[in-house]
Amino acid sequence: MELIINDKPLAPYEQGRLRELEEIIRDNFLAYVAVGEALLEIRESRLYRTEDGRTWEGYCRELWDMSHQRADQLIAAKAVVENLTTIVVKGDGTPDWELLPANESQARELARLEPEEQVRVWRDLIDFKQSTADAAQPFRLTAKTVKAAVRELKGESITKSTRAAKDHIRKQSKSEDRKSERFVVAIGVLMTQIELEKDANWRHTSREAVFNSLCAVAQAVGECGEETIKAKRVLWRGNNTDKLLAAGIKIFRLSASQKSIEQLESADEWLVYGEYETTEQGLAAFDDLMLDPLNIQA
């Protein structure tokens with residue numbers, strides 16, 4: 001758990017030093033572009049060759065202790081950045097490095113797309129990041145969020161789920177739990193879409209909207225009544241008080257006058273449990289209630 005300490009603001013000289021250090025970090029993060037560019041020239045010009053027939057694979061392994069696949073990834077990441085410089089430029093026409101992928105991991109995810117698709121995904125991500133800059137919880141652009149956006153565009157997970165669903169149909173064809181191929185494929189697509197929404201931090205479809213839609217499906221099947229749906233919604237929403245009530249815990253409190261005891265019926269409804277003539281009677285009755293481990297004090 002991170003400890004948050006309220007400290008004094010940065011002094012002007014500290015702010016200047018912070019900018020200098022962040023510039024050093026940024027330059028080194030973007031070093032992967034220069035590395036990729038150098039590796040590309042070595043590979044394309046075959047500068048790795050030797051008289052004894054050294055290959056590109058051998059060069060990467062012997063000199064840099066990495067696979068040629070890893071070197072190719074760095075080259076691909078460099079190509080992504082070059083492609084994106086066409087849409088993230090300053091007023092003077094030079095690339096705005098602060099709006100380009102901050103590290104090779106982000107660029108690597110975009111490398112799976114065609115150049116025009118890279119531009120489309122990155123523009124959407126940057127626009128959304130800027131639109132939430134002043135929000136209480138601004139959007140964080142990470143390799144994970146880039147990967148989710150790429151998956152959403154490619155839809156490759158949906159294809160994979162469809163294939164897996166068909167395999168499942170063939171294996172379970174004799175099961176009493178019958179499922180048509182169309183049904184299993186549809187469920188696979190639905191679950192994949194939910195995963196995509198989750199990976200996108202529920203940016204396109206809210207978490208509650210997904211949950212309510214699943215409740216509607218359960219009701220349509222007829223196996224879940226309104227009370228069951230209500231109980232599951234209570235647990236899903238994460239309200240701790242409702243979770244206690246759903247688990248059978250009873251919550252009591254003394255009234256302001258301390259001559260009556262109230263019991264919590266729902267998240268915002270208290271009912272009178274007992275009334276007493278004196279404060280002492282109310283306190284004694286309340287102490288007796290607290291002896292039951294399933295009873296707690298509000």
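Here the structure is a predicted model, which means the values were calculated and not measured.
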Hey, does Gln263 have a side-chain heavy atom less than 4.5 Å from the side chain of Ile251?
-> no

When you look at CZ of Arg120, are more than 12 heavy atoms from neighbouring residues, nucleotides or ligands closer to it than 6.0 Å?
-> no

Taking NZ, NE, NH1 and NH2 as the nitrogens, is one of them in Glu20 or Arg17 under 4.0 Å from a carboxylate oxygen of the other?
-> yes

Would you find a donor on one side and an acceptor on the other, under 3.5 Å apart, between the side chain of Ser45 and the backbone of Ile42?
-> no

If you measure from CZ on Arg112 to CD on Gln118, what distance do you get to the nearest 0.5 Å?
-> 11.5 Å

Chi angles and distances behind the salt bridge (charged side-chain N to carboxylate O under 4.0 Å, His left out) call for Asp72, Arg43 | CA-CA 9 Å; Asp72 293 341; Arg43 188 185 69 181; 2.9 Å; yes

Mind checking the CG-CG spacing from Leu125 to Leu141? Nearest 0.5 Å is all I need.
-> 5.5 Å

Check whether Val35 and Leu47 end up in the same hydrophobic cluster, where Ile, Leu, Val, Met, Phe, Trp and Tyr are linked by side-chain heavy atoms less than 4.5 Å apart.
-> yes

Does Asp127 CG have over 12 foreign heavy atoms under 6.0 Å away?
-> yes

Distance in Å, Glu152 CD paired with Asp124 CG, rounded so as to fall on 0.5 Å steps | 9.5 Å

Quick one: do Lys250 and Ile296 satisfy side-chain contact (heavy atoms from CB on, under 4.5 Å)? Show the steps, please.
-> CA-CA 6 Å; Lys250 297 179 181 179; Ile296 63 175; over 6 Å; no

Verdict with supporting geometry, Arg61 and His68, side-chain contact (heavy atoms from CB on, under 4.5 Å) | CA-CA 7 Å; Arg61 183 176 59 256; His68 72 279; over 6 Å; no

Under 3.5 Å, side chain of Gln106 to main-chain N/O of Ala102, donor-acceptor pair present?
-> yes

Taken to the nearest 0.5 Å, the spacing of Arg151 CZ from Glu109 CD works out to 10.0 Å

Please check if the side chain of Trp122 supplies one atom and the backbone of Leu99 the other of a donor-acceptor pair under 3.5 Å.
-> yes

Determine, stepwise, if the pair Arg70 / Glu104 fulfils salt bridge (charged side-chain N to carboxylate O under 4.0 Å, His left out).
-> CA-CA 11 Å; Arg70 176 61 182 147; Glu104 186 265 335; 3.0 Å; yes

From Ser67 atom OG to Gln73 atom CD, the distance as rounded to the nearest 0.5 Å | 7.0 Å

If you count the non-hydrogen atoms of other residues, nucleotides and ligands that lie under 6.0 Å from CG in Asp65, is the total more than 12?
-> no

Tell me, with the steps shown, if Glu262 and Arg253 meet salt bridge (charged side-chain N to carboxylate O under 4.0 Å, His left out).
-> CA-CA 5 Å; Glu262 296 177 339; Arg253 72 179 182 185; 2.7 Å; yes

Minimal heavy-atom distance between Arg54 and Glu62, with the atoms involved, is CD-OE1, 3.4 Å

According to the interplanar angle, ranging from 0 to 90°, do the rings of Phe128 and Phe139 count as parallel (below 30°), tilted (30 to 60°) or perpendicular (above 60°)?
-> perpendicular

Looking only at heavy atoms, the pair that brings Asn295 and Leu289 closest together is ND2-O, 3.0 Å

same_hphob_cluster(Leu283, Leu291) at 4.5 Å side-chain heavy-atom cutoff | no

Give a yes or no on whether the ring-centroid distance for Tyr273 and Phe252 is below 6.0 angstrom.
-> yes

Under 3.5 Å, is there a donor-acceptor pair between the side chain of Glu14 and the main chain of Ala11?
-> yes

Nearest non-hydrogen partners of Leu110 and Pro101, listed with the distance = CD1-CG, 4.2 Å

Would Glu114 and Asn83 satisfy side-chain contact (heavy atoms from CB on, under 4.5 Å), going step by step from the backbone distance to the final call?
-> CA-CA 10 Å; Glu114 295 298 324; Asn83 182 41; over 6 Å; no

Identify the two heavy atoms, one from Ala107 and one from Val80, that lie closest to each other, and give their separation to 0.1 Å.
-> O-CG2, 3.6 Å

Return the orientation label for the Trp56 and Tyr48 ring planes: parallel under 30°, perpendicular over 60°, tilted otherwise.
-> tilted

From Ile75 CD1 over to Glu41 CD, what is the distance, rounded to the nearest 0.5 angstrom?
-> 11.0 Å

Tell me, with the steps shown, if Tyr32 and Val81 meet side-chain contact (heavy atoms from CB on, under 4.5 Å).
-> CA-CA 10 Å; Tyr32 72 88; Val81 172; 3.2 Å; yes

